[in-house]
**Q** 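Here you go, one structure.
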Amino acid sequence: MASACDFLVIGSGIAGLSFALRAAEHGSVVVVTKKGTAESATNYAQGGIAAVLAPGDSFEEHVRDTLVAGAGLCDEAAVRFVVEQGPDAANGLIDLGVRFDRSEAAPGYDLGREGGHSQRRVLHAADFTGREIERVLVERCEAHPDITLLSNRISVDLVTTTKLGLPGPPRVCGAYVLDPETGAVESFRARIVLLATGGCGKTYLYTSNPDIASGDGIAMAFRAGATIANMEFIQFHPTCLYHPDARSFLISEAVRGEGAVLRNRSGEAFMRRYDPRADLAPRDVVARSIDFELKRSGDDCVYLDCTALDPAFARARFPNIYERCLRYGFDLTKQPLPVVPAAHYCCGGVRTDLHGESDLENLFAAGEVACTGLHGANRLASNSLLEGVVFARAAAQAAAHRLAAGIEAPPQFPDWDPGRAVDPTETVLVNANWDEIRRLMWNYVGIVRSDKRLDRARRRIVNLAREIREYYWNVVVTPDLVELRNLVTVAELIVRSASLRHESRGLHYTVDFPQTDPEPRDTLLKAPLPPL
Ligand SMILES: Cc1cc2nc3c(=O)[nH]c(=O)nc-3n(C[C@H](O)[C@H](O)[C@H](O)COP(=O)(O)OP(=O)(O)OC[C@H]3O[C@@H](n4cnc5c(N)ncnc54)[C@H](O)[C@@H]3O)c2cc1C
């Protein structure tokens with residue numbers, strides 16, 4: 001038998017929990033989340049959340065900065081919507097209890113500056129802003145009588161009327177969710193489903209993302225029939241600590257915002273050679289410049305020199321980064337930090353409108369899983385937490401209207417059918433496939449691309465996808481297998497999207513098409529795709 005609720009939320013980061021709190025005013029909410037309740041990219045966000053709050057700042061400037069970063073591909077309506085909702089969204093978090101760093105000066109908060117922003121407009125809680133936001137949202141959701149939070153539950157697939165063989169336009173009516181402890185796949189029926197599963201950094205060998213970021217929501221939405229947009233635009237964060245044990249620990253862009261400088265091994269502050277904005281150039285420019293610099297020199301890393309910052313200020317402003325670097329043997333107030341780029345953020349995802357709704361009825365998406373049009377071809381720093389809150393709230397409002405208008409109850413659907421699946425005996429296959437995908441994405445579909453590399457990636461991905469599909473239906477479903485199946489789907493979507501874009505724009509840079517076309521266009525993919 002299926003559990004039933006009005007709103008099923010998949011994911012418990014800033015988007016999922018913000019939606020849950022709003023939606024719970026209108027109906028019953030179940031949140032399923034893959035690991036611990038707080039385990040999310042949100043929890044690791046350092047820099048902060050952008051909003052126009054300073055007296056000298058304006059919506060126009062935030063809009064302009066976002067459009068410039070987005071390299072002609074932003075949907076201006078989405079940009080204006082997010083920017084204009086910014087102060088209200090930020091104040092909403094403050095009202096819930098989020099404690100951002102205060103300042104004596106107007107507007108009463110210490111606003112940070114980050115690359116690509118023409119003004120100081122980033123609210124932060126030291127350098128663990130995400131943890132503070134997540135703490136408050138989890139507390140609020142846990143205390144809410146109409147929200148059920150189920151941790152350690154991994155959503156396997158969305159259930160649609162099409163899959164059930166029902167007539168009429170396709171609509172989503174729930175999801176199958178695996179409880180890894182019992183091995184049972186539970187059915188959840190819902191009038192509305194919100195995907196808030198975050199990004200897909202784990203598609204790449206090196207990433208700043210936590211392990212949950214395997215692109216599950218994008219893959220589930222794609223299989224269910226929703227349109228997926230602009231997957232070629234993967235943002236690489238320029239500065240992750242280069243250390244074998246650091247697992248790509250991220251050094252926030254805010255550090256450069258406060259005056260840190262990138263240097264090569266000979267001590268040259270090389271960014272000036274690549275861009276007049278030097279260390280404050282947008283992320284893609286900085287990541288690509290580092291990539292060029294490393295390829296040119298053959299070095300393994302470049303260095304982020306923070307020694308010009310006042311040591312007391314650096315320790316107080318970046319306590320998390322300071323402590324973590326110290327743990328790996330680097331005192332950032334005294335010596336430059338070795339850094340490399342790593343996959344950080346997915347600008348593409350499930351295509352949604354200004355209400356956070358996909359083109360599949362009753363399916364909403366918010367946060368990094370969605371492609372709202374805000375980021376275009378490149379994300380401006382600290383815009384993503386903001387986007388998560390703004391679209392979660394918009395989606396909750398639209399979903400509540402839908403409920404009030406008397407949306408049809410979801411049909412009953414059959415329990416999960418394990419078919420002829422047997423217990424997996426070859427876990428080594430899963431690990432090997434996982435490793436191969438991440439390595440080939442890093443080597444062939446990374447910061448700088450070419451037709452030859454994309455072609456090679458495409459041929460390998462096709463074989464891997466076939467192998468994984470065959471294996472998937474023959475063994476009992478496990479979290480690793482669910483993620484692997486999603487990872488290969490997302491990898492294919494990225495490779496296909498990159499191959500379709502015959503220009504360089506924003507985060508997509510290919511040596512075969514260095515020009516930017518005069519007419520911007522989105523890359524849209526929808527199942528079934530033509531054979532490769
Ligand atoms: C290190 C780091 C620093 C960052 N710093 C900033 C910053 O300063 N400012 C900024 O704006 N952005 C920042 N970002 C980006 C930003 O944090 C994310 O884009 C944002 O938090 C995404 O929020 P979300 O709610 O969409 O997803 P997440 O916060 O990633 O949450 C996704 C949730 O979905 C769950 N989930 C995933 N798959 C499944 C499944 N199959 N079944 C059930 N649950 C599932 C996960 O467990 C998790 O709970 C940073 C990102 C990283 C990694």
Side-chain angles (χ1 to χ4, degrees), residues 1-13 15-17 19-24 26-37 40 141-142 144-166 170-198 212 216-226 350 356-358 360-367 369 392 395-396 399-400 402-403 407-418 477-479 482-483 485-486:
M1 266 303 280
S3 311
C5 60
D6 292 317
F7 305 100
L8 175 65
V9 178
I10 306 177
S12 61
L17 298 181
F19 176 94
L21 285 171
R22 290 277 165 134
H26 306 276
S28 57
V29 179
V30 171
V31 181
V32 292
T33 189
K34 182 149 91 160
K35 293 264 166 78
T37 316
S40 55
C141 285
E142 280 175 347
H144 201 294
D146 295 315
I147 300 177
T148 307
L149 266 172
L150 299 173
S151 55
N152 295 314
R153 298 290 209 293
I154 177 163
S155 175
V156 178
D157 255 324
L158 297 171
V159 179
T160 61
T161 48
T162 315
K163 282 191 193 163
L164 297 175
L166 298 175
R171 64 192 164 96
V172 166
C173 36
Y176 287 120
V177 177
L178 170 68
D179 177 349
E181 252 177 50
T182 62
V185 178
E186 303 164 329
S187 313
F188 287 84
R189 290 169 56 231
R191 288 173 201 267
I192 299 287
V193 175
L194 175 85
L195 284 173
T197 48
I212 52 100
D216 297 358
I218 297 170
M220 284 190 282
F222 174 72
R223 285 194 294 269
V350 182
E357 189 163 14
S358 75
L360 188 55
E361 207 175 310
N362 301 342
L363 181 67
F364 289 73
V369 68
R402 192 69 61 76
L403 211 65
I407 185 175
E408 220 180 301
Q412 295 288 348
F413 50 81
D415 289 343
W416 174 261
D417 176 12
V477 66
T478 62
V482 170
E483 289 185 343
R485 179 190 183 215
N486 292 332

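All values below come from the heavy atoms of this structure, side chains included, with hydrogens, waters and symmetry mates left out.
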**Q** Holding to side chain to side chain donor-acceptor pair (under 3.5 Å), I want the full list of residues that pass it with R171, two or more places apart in sequence or in another chain.
**A** E408
**Q** Could you measure the distance from the OG1 atom of T160 to the CG atom of N362? Nearest 0.5 Å is fine.
**A** 11.5 Å
**Q** Heavy atoms only: give me the nearest L164-P411 pair and the separation to one decimal.
**A** CD1-CG, 4.0 Å
**Q** Do S155 and Y176 make a side-chain contact, defined as non-hydrogen atoms from C-beta onward lying under 4.5 Å apart?
**A** no
**Q** Report the residues that fulfil salt bridge (charged side-chain N to carboxylate O under 4.0 Å, His left out) with D6, sequence neighbours left out, ordered by chain and then residue number.
**A** R191
**Q** As an exercise, state the distance from CG of N486 to CD1 of I154, rounded to the nearest 0.5 Å.
**A** 7.0 Å
**Q** Looking only at non-hydrogen atoms, find the nearest pair between G27 and L403 and report the distance.
**A** CA-CD2, 4.5 Å
**Q** Testing the basics here: between L8 and A175, what is the closest heavy-atom pair and its distance to 0.1 Å?
**A** CD2-CB, 3.8 Å
**Q** Taking the side chain from T162 and the backbone from P170, do they hold a donor-acceptor pair closer than 3.5 Å?
**A** no
**Q** For L158, does its backbone N or O pair with a side-chain atom of K163 as donor and acceptor, under 3.5 Å?
**A** yes
**Q** First locate atom NZ of K35, then atom OG of S12, and finally report the distance between them rounded to the nearest 0.5 Å.
**A** 11.5 Å
**Q** Between atom CZ of R402 and atom CZ of F7, what is the distance when rounded to the nearest 0.5 Å?
**A** 10.5 Å
**Q** Could you pull out the closest heavy-atom pair between T37 and T33, with the gap in Å?
**A** CA-CG2, 4.0 Å
**Q** Should V29 and H144 count as side-chain neighbours, where that means a heavy-atom distance under 4.5 Å?
**A** no
**Q** Test of understanding: with side chain to side chain donor-acceptor pair (under 3.5 Å), list the residues that count as partners of E361, not counting sequence neighbours.
**A** none
**Q** Do you know which two heavy atoms are closest between A366 and L194, and how far apart they sit?
**A** N-CD1, 3.9 Å
**Q** State the CG-OG distance between D179 and S151, to the nearest 0.5 angstrom.
**A** 9.5 Å
**Q** Looking at V32, V185, I10, V30, which one forms a side chain to side chain contact (heavy atoms under 4.5 Å, CB included) with V177?
**A** V32
**Q** Can you measure from CG (L178) to OG1 (T478) and round to the nearest 0.5 angstrom?
**A** 7.5 Å
**Q** Between D157 and R223, what is the shortest heavy-atom contact and its length?
**A** OD1-NE, 2.9 Å
**Q** Does a side-chain heavy-atom distance below 4.5 Å link D415 with S187?
**A** yes
